[in-house]
Amino acid sequence: MSTQDRRGGLLGQVDWVLIGIYLTLALIGWMHVWSAVPNQERVSPFDVSSEAGKQFAWLLICLLVGAALLLSDTNLFYAFRWPFFGIGVALLLLVLVIGQEVGGNKSWIVLNSFIKIQPSEFAKYVTALALAGYLSTPLHLSPPAGRWPTLFWIFLAPITLILSITDLLLGQGLQMKRVVYWLKAFAIIGIPAVLVLAEKDTGSTLVYAAFVLAMFRFGLYLLLLYLGIILAFLFLTSLLIQPWILILGLVLVSIAIWLLILERSRKAILPMGFFLVLLSGFTLGGRWVFDHVLMPHQRTRIMVLFNPDLDPKGSGWNVNNSKMAIGSGSWFGKGFLNGTLTQLKFVPKQHTDFIFSAIGEQWGLLGTTVVILLFLTLMMRLILRAEMQRSPFAKAFGYIVACVLFFHFFMNIGTTIGLAPAVGVPLPFISYGGSSLLGFTLLLFTFIKLDAHNLEVLR
Amino acid sequence: MENRQRIYLVLIVLVGLIFWVRLFFLQGLDDRFKLAADTYSIRRLVNQPLRGNIFDRKGRVLATNDFAFDLMVIPLETKEMDTLALAALTEVPIEEVRKAWEKVNKNIEKKRRFKKQPQPLIRDLSQKSIAAFQEKMYRFPGLYVEKRSVRRYPEPHAAHALGYAREADASVLEKDAYYQPGDYVGVAGIERAYETYLRGIKGVRKVYVDVRNNEKGSYMDGLYDTLPVPGADLMSTLDIELQKYAELLMQGKRGAIVAIEPATGEILVLVSSPSYDPNWMVGRNLRQHYGALILDPAKPMLNRAVMDGYPPGSTFKVMNAMLGLQAGVINPATVVPCGGGFRLSAAHTVGCHGHPNADLRFSITTSCNAYYCHVFNELTKTNSSPRQAYKDWYLGAQRFGFGTKLGTDIPEAKSGLLPSPEYYDRMHGLGKWRGLTIISLGIGQGELKANALHIANLAAIIANRGYFISPHLGKALNGKPMPDTLFKHNYTRVDTAHFQIAWEGMYGAVHKPGGTAKIARLDSIAVYGKTGTAQNPHGKDHSVFMAFAPSKSPKIAIGVFVENGGFGATYAAPIASLIIEKYLTDTITRAGLEERLLKTRLE
Ligand SMILES: [Zn+2]
């Protein structure tokens with residue numbers, strides 16, 4: 001659909017495809033929260049004493065919020081990004097003081113028995129606004145580096161080091177301006193991330209990695225992305241085979257690349273040697289961190305990926321039961337409200353982190369394919385629309401929304417089918433939970449609003 | 001820069017594809033999970049471990065397990081409960097079935113987690129009822145039969161020492177998440193003290209169950225199953241034969257007996273009379289007997305051997321003698337003129353019976369009141385302030401175990417009462433009391449409270465010449481002795497040499513002219529004893545006696561209280577003497593004495 005097709009007032013400018021997918025996913029979520037209860041205990045899906053009823057109430061609230069966003073002033077988001085960010089950080093600090101523990105992490109503010117909110121969901125939204133605002137001023141237009149407080153450097157010392165080295169390796173000599181530009185972006189992400197980590201909410205902390213993913217579109221060294229992928233691969237392999245065998249393999253591959261691809265270039269020896277040392281160091285260090293720093297339960301979460309039977313009564317139990325529920329759905333599922341395994345809660349957190357298994361059991365491969373296709377369409381459309389934005393702010397924001405959704409999609413569904421470690425993140429729009437639904441609604445509808453005004457933005 | 005858009009699109013499609021391929025294998029091709037598709041549910045069954053047996057010190061069985069069959073229910077899986085049909089099938093009264101089902105529903109209202117948990121509906125069904133039910137079991141979804149072990153006590157004795165284990169009630173379930181409805185838990189005595197060893201570790205079995213309530217084999221080939229670990233076998237320190245004899249002697253009398261092996265602190269006998277059959281606390285018996293036991297004015301459930309108790313009477317004098325020697329206020333040659341008592345003031349005298357003037361040894365033998373009022377008076381004025389002096393005495397008496405629980409493993413143990421200086425501050429006012437105000441402590445009366453365990457322990461201290469090992473009932477777990485650290489050595493800080501005079505005085509009390517306990521005398525064995533009388537403001541005084549024997553490394557120390565028994569020599573001393581004789585020689589030479597005691601009814 002080209003931009004010319006969308007005429008008329010606000011309603012004509014709004015991307016109805018995104019809204020349609022949003023509504024579809026939210027309704028799927030609501031119905032499956034309702035389905036994942038033993039048949040004898042199930043009440044009306046509108047009964048607010050039940051999880052499904054609460055989810056419906058939240059959905060209505062979210063639709064109101066979405067409508068309010070669409071009717072608001074489009075300049076509001078950019079103009080108030082810093083006050084919003086300030087409120088978000090303040091709420092995170094507040095939760096550290098008065099927060100209550102729900103399910104292992106202290107990230108909830110409990111208002112009463114019906115309403116408890118998770119400020120980390122709101123923080124995600126305001127961080128997206130702040131980062132998009134920051135990225136909307138590209139590197140070549142950004143002010144000179146200037147002086148920054150020592151604390152800032154110490155706080156970000158490891159990132160500074162990595163960025164500086166990467167910048168140096170790119171061959172044009174170290175450009176401090178470039179390093180500082182990205183450093184500030186990391187600082188915007190780092191502040192809420194550290195606060196969320198202090199709440200012991202691993203899943204919500206890792207979500208901030210999604211912001212980094214979005215930054216690559218705006219010029220962050222791609223080398224880091226590739227390096228990240230290689231390092232993740234090395235780390236997981238180092239858990240399976242002896243690290244020194246892995247290093248030996250790295251050396252052989254490097255020599256082969258140098259001989260065959262780089263044609264014995266003398267200039268390449270230094271950077272290649274550097275990478276070799278870096279990767280070897282990481283392999284050994286990663287293994288050491290795994291063995292000595294991670295808590296035993298975090299270790300099993302990762303090892304269970306390779307061997308679900310390793311911890312059959314702990315994290316392996318969850319994942320195995322989830323896989324069994326999904327697998328038992330077969331091609332077309334057992335039918336709606338016939339998901340016996342997910343109803344009896346053999347999978348813990350059935351409503352939240354493992355809602356996908358309820359869909360898999362009741363609708364089989366047919367249902368899971370539909371959900372995956374809906375998510376792929378949503379994320380790809382976001383990327384395509386974001387790329388078309390004339391406002392750099394809207395563009396950056398669109399990429400961030402897509403990346404956050406992608407991260408949740410990857411970690412959540414990956415966990416339920418045993419392809420990602422169980423860190424505990426909700427499936428956007430589908431998982432039970434008002435705060436998370438509201439958070440994703442804010443993200444998506446803000447972009448839809450910005451997108452609706454794309455034609456008004458003057459080049 | 002624009003082509004970086006492609007990286008994102010590729011990444012999204014790639015992950016989507018990987019997920020879809022994985023789901024295609026998981027849902028489409030893999031057959032492993034198809035079995036689960038046909039089944040109704042997975043049931044988590046708890047494999048109850050056998051509770052550990054309890055033996056006496058010679059390996060005779062005191063507590064073991066029998067089997068019973070229970071009808072279990074998982075409320076979540078039941079729809080309509082046809083109580084009428086169930087009652088007809090199992091031949092259990094309809095009222096009982098209805099009440100049981102109501103009780104289950106009440107439990108669920110309290111705690112929702114119980115809804116998914118198997119719990120007993122009707123307990124102790126007969127084999128016939130079980131067979132009838134199992135034929136029609138498909139009509140009752142959520143119901144099934146479970147074989148369960150029940151506690152049995154082959155010897156109907158030592159109820160207070162053994163305690164009992166019974167079904168965990170609401171308060172236990174509330175406090176400890178380990179227990180589920182229907183689990184057994186030790187609530188008194190050894191069963192309670194060693195609960196964590198005796199109960200073992202529960203096993204878990206997960207089975208597939210189809211819509212018709214039939215087991216369809218074990219889930220994932222038993223990968224998630226764990227075997228129950230049976231509870232540890234506990235050897236107790238009790239000597240059940242001696243215990244039976246002691247209980248026999250106490251028939252018709254209220255009171256308590258404790259016998260200890262001085263060198264080890266092992267409790268050989270622990271009698272609280274009247275008693276009950278520990279089997280009454282189990283299963284259907286409980287409903288029959290519990291009410292009556294609770295309402296009985298003689299309080300058979302009360303463990304008199306370790307309750308707060310009564311004044312220790314003259315047995316206490318031996319301790320005061322030791323504290324006096326250690327403090328240097330008397331020596332063995334100190335003679336206190338008696339002349340019928342100790343004059344407190346012109347108007348008040350602590351009376352004594354007529355006897356020749358006594359030195360320390362003879363004061364124990366003849367139990368002279370004047371002597372010990374003198375000792376206590378001297379002790380409480382040696383220091384600058386009477387309160388400080390009393391505090392020194394108080395700490396000394398505490399090291400003899402009075403006012404403490406002695407570090408015993410008996411859960412019901414009470415510390416009795418050894419009044420602290422603060423106690424008297426509250427009673428008389430700070431600075432308004434001195435040794436003479438509370439002189440009755442010198443002769444073991446007044447506010448003091450001690451039980452048979454305290455008295456037997458005092459005898460053990462004297463037998464050991466200055467120390468005791470915390471008296472206890474647990475001897476070995478699974479054949480391995482209890483760790484030594486569990487029951488510690490407690491030192492009185494009175495020199496070993498001082499105890500010689502206590503031995504001689506107590507020997508005299510049994511064997512010498514002027515002795516108060518000559519009734520306890522045995523021809524073949526030296527018995528060291530001390531009588532006492534506990535003043536009882538509510539009725540006839542209580543009879544107290546402590547003793548140990550023989551002279552070469554004493555094997556038994558004993559403390560006896562007989563309520564309303566009068567002087568110590570009347571009942572407590574002969575009972576102790578018979579038990580000592582039985583334990584050391586395994587024969588009874590004084591049939592007449594035994595018969596007189598057996599016939600005595602003091603109730
Ligand atoms: Zn006298």
Side-chain angles (χ1 to χ4, degrees), chain A residues 38 40-41 138 213-214 216-220 222 225 309 312-313 316-317 320-321 323-334 340-341 343-346 360-361 364-369 372-373 375-376 378-380 382-384 386-387 399 402-403 405-406 409-410 413-414 417-419, chain B residues 1-44 74-80 112 115-116 141-142 204 206 208-211 219-226:
Chain A
Q40 302 93 312
E41 285 182 12
L213 186 62
F216 289 108
R217 172 62 190 82
F218 302 92
L220 183 62
L222 267 188
L225 180 64
D309 297 340
K313 287 158 190 82
W317 170 245
N320 227 322
N321 276 341
K323 276 160 66 182
M324 190 180 79
I326 293 174
S328 74
S330 200
W331 299 103
F332 302 107
K334 300 175 185 172
T340 47
L341 293 179
Q343 276 182 25
L344 285 166
K345 302 200 179 164
F346 286 108
E361 190 189 11
L365 186 62
L366 182 71
T368 52
T369 307
I372 285 180
L373 282 179
F375 270 107
L376 289 194
L378 175 68
M379 292 184 291
M380 288 172 74
L382 275 171
I383 294 288
L384 293 171
E387 195 62 44
Y399 266 94
C403 287
L405 290 179
F406 175 71
F409 170 76
F410 178 75
I413 297 187
I417 56 180
L419 288 181
Chain B
M1 203 66 89
E2 249 86 78
N3 59 8
R4 286 199 178 179
Q5 183 196 11
R6 242 181 287 158
I7 297 174
Y8 292 88
L9 297 177
V10 167
L11 208 59
I12 290 170
V13 173
L14 198 67
V15 166
L17 204 64
I18 292 172
F19 280 5
W20 189 81
V21 170
R22 171 75 164 186
L23 285 165
F24 182 76
F25 278 93
L26 207 60
Q27 299 187 291
L29 301 184
D30 197 332
D31 278 339
R32 264 190 309 160
F33 302 112
K34 294 301 174 287
L35 175 62
D38 309 330
T39 54
Y40 177 67
S41 64
I42 302 169
R43 180 172 295 163
R44 184 177 180 277
I74 301 173
L76 185 63
E77 295 178 13
T78 44
K79 280 156 197 151
E80 288 292 304
R112 273 175 73 95
K115 192 154 190 181
K116 278 183 278 181
V204 171
K206 296 201 166 83
Y208 289 112
V209 180
D210 69 8
V211 274
Y219 169 63
M220 296 295 264
D221 290 332
L223 181 65
Y224 304 110
D225 295 358
T226 52

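To find a chain, count down the sequence lines: A is the first, B the second, and so on, and within it residues start at 1. Quick caveat, the model's predicted, so the values are computed rather than measured.
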Working to the nearest 0.5 Å, report the span between CD1 of A/Ile383 and CD1 of B/Ile12. 4.5 Å

As an exercise, state the distance from CZ of B/Arg4 to CZ of A/Phe218, rounded to the nearest 0.5 Å. 10.5 Å

Please evaluate residues A/Leu384 and B/Gln5 with respect to the criterion side chain to side chain contact (heavy atoms under 4.5 Å, CB included), reporting the C-alpha separation (whole Å), side-chain torsions for both, the decisive distance (0.1 Å), and the verdict. CA-CA 8 Å; A/Leu384 293 171; B/Gln5 183 196 11; 3.4 Å; yes

Would you check if B/Trp20 and A/Leu373 make a side-chain contact, meaning some heavy-atom pair closer than 4.5 Å? no

B/Leu11: what forms a side-chain contact (heavy atoms from CB on, under 4.5 Å) with it, not counting sequence neighbours? A/Leu213, A/Phe406

Sequence-distant partners of A/Phe332, side-chain contact (heavy atoms from CB on, under 4.5 Å), two or more places apart: A/Leu366

Can you check whether A/Arg217's main-chain N or O pairs, donor with acceptor, with B/Tyr8's side chain at less than 3.5 Å? yes

Geometric class of the A/Phe409/B/Phe19 ring pair [parallel <30°, tilted 30-60°, perpendicular >60°]: tilted

Rounded to the nearest 0.5 Å, how far does CD1 of A/Ile326 lie from CD of B/Gln27? 6.5 Å

Pair B/Val13, A/Met380 - check side chain to side chain contact (heavy atoms under 4.5 Å, CB included), show working. CA-CA 8 Å; B/Val13 173; A/Met380 288 172 74; 3.7 Å; yes

If you round to the nearest 0.5 Å, how far is CG of B/Leu23 from CD1 of A/Ile417? 4.5 Å

Could you walk me through whether A/Leu225 and B/Ile7 satisfy the side chain to side chain contact (heavy atoms under 4.5 Å, CB included) test, starting with their C-alpha distance in whole Å, then the side-chain angles of each, then the deciding distance to 0.1 Å, before giving a yes or no? CA-CA 10 Å; A/Leu225 180 64; B/Ile7 297 174; 4.0 Å; yes

Which portion of A/Ile372 sits near chain B, non-hydrogen atoms under 4.5 angstrom: side chain

